**Student:** 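I have a structure I would like to understand better, so I am pasting it below and will then ask my questions one at a time.
Order of listing sets the numbers, starting from 1, for every ligand and every atom in it. This is a predicted model, so every value here is computed, not measured.
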Amino acid sequence: MLNKKTVRDIQVSGKRVLVRCDFNVPLDKEDPSIITSDKRIVESLKTIKYLVNAGARVILCSHIGKTGQNKTLQPVARKLSEMLEKDVPLLKDILSEETKDHVMQMEDGDVCLLENTRMYEEEESNDPEFSKKLASLAEVFVNDAFGTAHRAHASTEGVTHYLPSVAGFLIEKEIAALDGEINNPQRPLVAIVGGAKVSSKIAVLNNLLDKVDTLLIGGAMTFTFVKAQGGNVGKSLVEDDKIDVAKEILKKAQENQVSLILPVDTVIAEEMSPAANIYVSDTNDIPEDYMGLDIGPKTIELYSEIIEGAGTVVWNGPVGVFEIDNFATGTNAIAEAMAQSNAVTIIGGGDSAAAVEKAGLSEEMSHVSTGGGASLELMEGKKLPGIEALEDKE
Ligand code: ADP
Ligand code: MG
């Protein structure tokens, strides 16, 4: 659970409140004035509306894109104006006198948006002078940018050195799910971990092995485990330098009495292509010229049953190459089984959230994280600097 103060714990009426949101939304490639998914804006509204209704003067800020790309938040300002049904001006230069004058003249309930924080190199270098100037615009800081909470940047961590700092509702919700439900779960706690690489999931696997009752493996990492156990993986993606790690993980599962389950069957093809013919093989015995690209039908059945009997299910990493329809069946079936289940269902990871969204099942889950990297770090058991820097609950 979040042991940090939230907007509920402080007095905001009449105060200038700097709110760090995650407005890093995807923009249309042809026409960058079009936002292709407004999920992150929608998720930020609860905190913003709360502050507006409480009579705060709300100064929003966020990054969009990478440093050097100099993308504008203008489309976000427009979207916010629509959604809040009030004018949300975009203040183009964070450090200018004009911006200072604007915020000093705001009235209770007004909202404005500062331009992309990553237009300044000082943002990512967490420059103290820049942080101080940003902080000087406000009297209170609220961090609600869960998607960037794993980064100590000026607008996430730097400003907390100069202002009383609390969490917003989105961060509270993300922590309740990804920390609260996983560390204090309805049992049995079942995790599904897939994706491409063992290497990017070692920390997640190790952390989850201390908590879960059952660990279901999917995705390409399956084949590093299978090879570690002496099976034939054909041309499947394998990390030969992680075979020892896979062996250690299998041993830890045994020691912790976690039932770690590998797919019993696998959808295979000669190449990772929409045009390839597909077959089903035993996972342990994939023919030489074939690669495993999705979990097979028996595995779908087995995993779905386990999900049905779970108290809590946490999923990170698609179980197949879901970007190609022929290899998306397993991933869609896992999403469907979770949607059907009465368990608490939690999705972490950027691609996993995208897969659930694509399957049209986001609304059926207890929680779909808005942060890819940040949710992964939480599932690794790490502390997030943007959250650690906030004031502790008394
Ligand atoms: P997340 O972003 O949810 O943490 P990852 O980034 O770890 O997930 O993994 C997603 C990627 O894993 C997808 O691009 C998917 O195509 C790939 N993947 C899943 N299964 C396989 C497989 N059998 N072979 C190759 N790539 C796979
Ligand atoms: Mg990913």
**Student:** Suppose we measure from atom 4 (O) of ligand 1 to each protein heavy atom; which comes out shortest, and what is that distance?
**Tutor:**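 Atom 4 (O) of ligand 1 sits closest to the protein heavy atom N316 ND2, 3.1 Å.
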
**Student:** Between K5 and D392, is there a salt bridge with N-O shorter than 4.0 Å?
**Tutor:** no

**Student:** Strictly under 4.0 Å, does any heavy atom of G372 approach an atom of ligand 1?
**Tutor:** no

**Student:** Using 2.8 Å as the cut-off, note every protein N, O or S atom close to the Mg ion (ligand 2).
**Tutor:**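 Under 2.8 Å from the Mg ion (ligand 2) - ignoring waters, which are not counted - the protein N, O or S atoms are D351 OD2.
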
**Student:** Distance from E157 atom CD to L390 atom CG, nearest 0.5 Å?
**Tutor:** 9.5 Å

**Student:** First locate atom CZ of F23, then atom OG1 of T148, and finally report the distance between them rounded to the nearest 0.5 Å.
**Tutor:**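 F23 CZ to T148 OG1: 11.0 Å, rounded to 0.5 Å.
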
**Student:** Checking K46 now: which residues fulfil side-chain contact (heavy atoms from CB on, under 4.5 Å) with it, not counting sequence neighbours?
**Tutor:**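 With neighbours one apart ignored, the set is F169.
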
**Student:** If you count the non-hydrogen atoms of other residues, nucleotides and ligands that lie under 6.0 Å from CD in Q254, is the total more than 12?
**Tutor:** no

**Student:** By number and element, which atoms of ligand 1 are closer than 4.0 Å to a non-hydrogen atom of G317?
**Tutor:** 3 (O), 8 (O)

**Student:** Give me the residue, atom name and distance of the protein heavy atom closest to atom 26 (N) of ligand 1.
**Tutor:**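 For atom 26 (N) of ligand 1, the nearest protein heavy atom comes out as V321 CG2, 3.6 Å.
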
**Student:** Give me the nearest non-hydrogen protein atom to atom 21 (C) of ligand 1 as residue plus atom name, then the distance to 0.1 Å.
**Tutor:**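 Of every protein heavy atom, A220 N, 3.4 Å lies nearest to atom 21 (C) of ligand 1.
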
**Student:** At a 4.0 Å threshold, what atoms of ligand 1 neighbour a non-hydrogen atom of L293?
**Tutor:**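 Answer, ordered by atom number: 23 (N).
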
**Student:** Hey, are D265 and T299 close enough side-chain-wise for a donor-acceptor pair under 3.5 Å?
**Tutor:**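 Present: a donor and an acceptor within the cut-off.
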
**Student:** Quick one: OG1 on T283 to NZ on K298, what's the gap to the nearest 0.5 Å?
**Tutor:**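 Rounded to the nearest 0.5 Å, the OG1-NZ separation comes out at 9.5 Å.
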
**Student:** For atom 6 (O) of ligand 1, which protein heavy atom lies nearest, and how many Å away is it?
**Tutor:**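 Its nearest protein heavy-atom neighbour is D351 OD2, 3.0 Å.
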
**Student:** Please state which option from G373, G292, P318, A196 has its nearest heavy atom closest to atom 8 (O) of ligand 1.
**Tutor:**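 The residue whose heavy atom sits nearest atom 8 (O) of ligand 1 is P318.
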
**Student:** Would you compute the distance between atom CG of N332 and atom NZ of K358 and round it to the nearest 0.5 angstrom?
**Tutor:** 7.5 Å

**Student:** What I want to check is whether the side chains of R20 and S155 have a donor and an acceptor closer together than 3.5 Å.
**Tutor:** yes

**Student:** Mark yes or no for whether D110, through its side chain, and E107, through its backbone, hold a donor-acceptor pair below 3.5 Å.
**Tutor:**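 Yes, the answer is positive, given that a donor and an acceptor are paired below the 3.5 Å cut-off.
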
**Student:** Does ligand 1 have any atom sitting under 4.0 Å from a heavy atom of M291?
**Tutor:**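 M291 does not count as a contact of ligand 1 under the 4.0 Å cut-off.
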
**Student:** Among K201, E323, M379, which one puts a heavy atom closest to atom 7 (O) of ligand 1?
**Tutor:**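 The nearest heavy atom belongs to K201.
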
**Student:** Is it true that E43 and T370 share a donor-acceptor pair across their side chains at a distance under 3.5 Å?
**Tutor:**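 Distance-only check fails for T370 and E43.
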
**Student:** Among all protein heavy atoms, pick the one closest to atom 9 (O) of ligand 1 and tell me residue, atom and distance.
**Tutor:**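 Ranking protein heavy atoms by distance from atom 9 (O) of ligand 1, first comes G195 CA, 3.2 Å.
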
**Student:** Is T222 touching ligand 1 with its side chain, its backbone, both, or neither, if touching means heavy atoms under 4.0 Å apart?
**Tutor:** neither

**Student:** Could you pull out, from A355, A353, G320, S352, the option with a heavy atom nearest to atom 19 (C) of ligand 1?
**Tutor:**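 Of the listed residues, G320 has the closest heavy atom.
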
**Student:** Side-chain donor-acceptor pair under 3.5 Å between E123 and T117, yes or no?
**Tutor:**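 Yes, side-chain donor-acceptor contact under 3.5 Å.
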
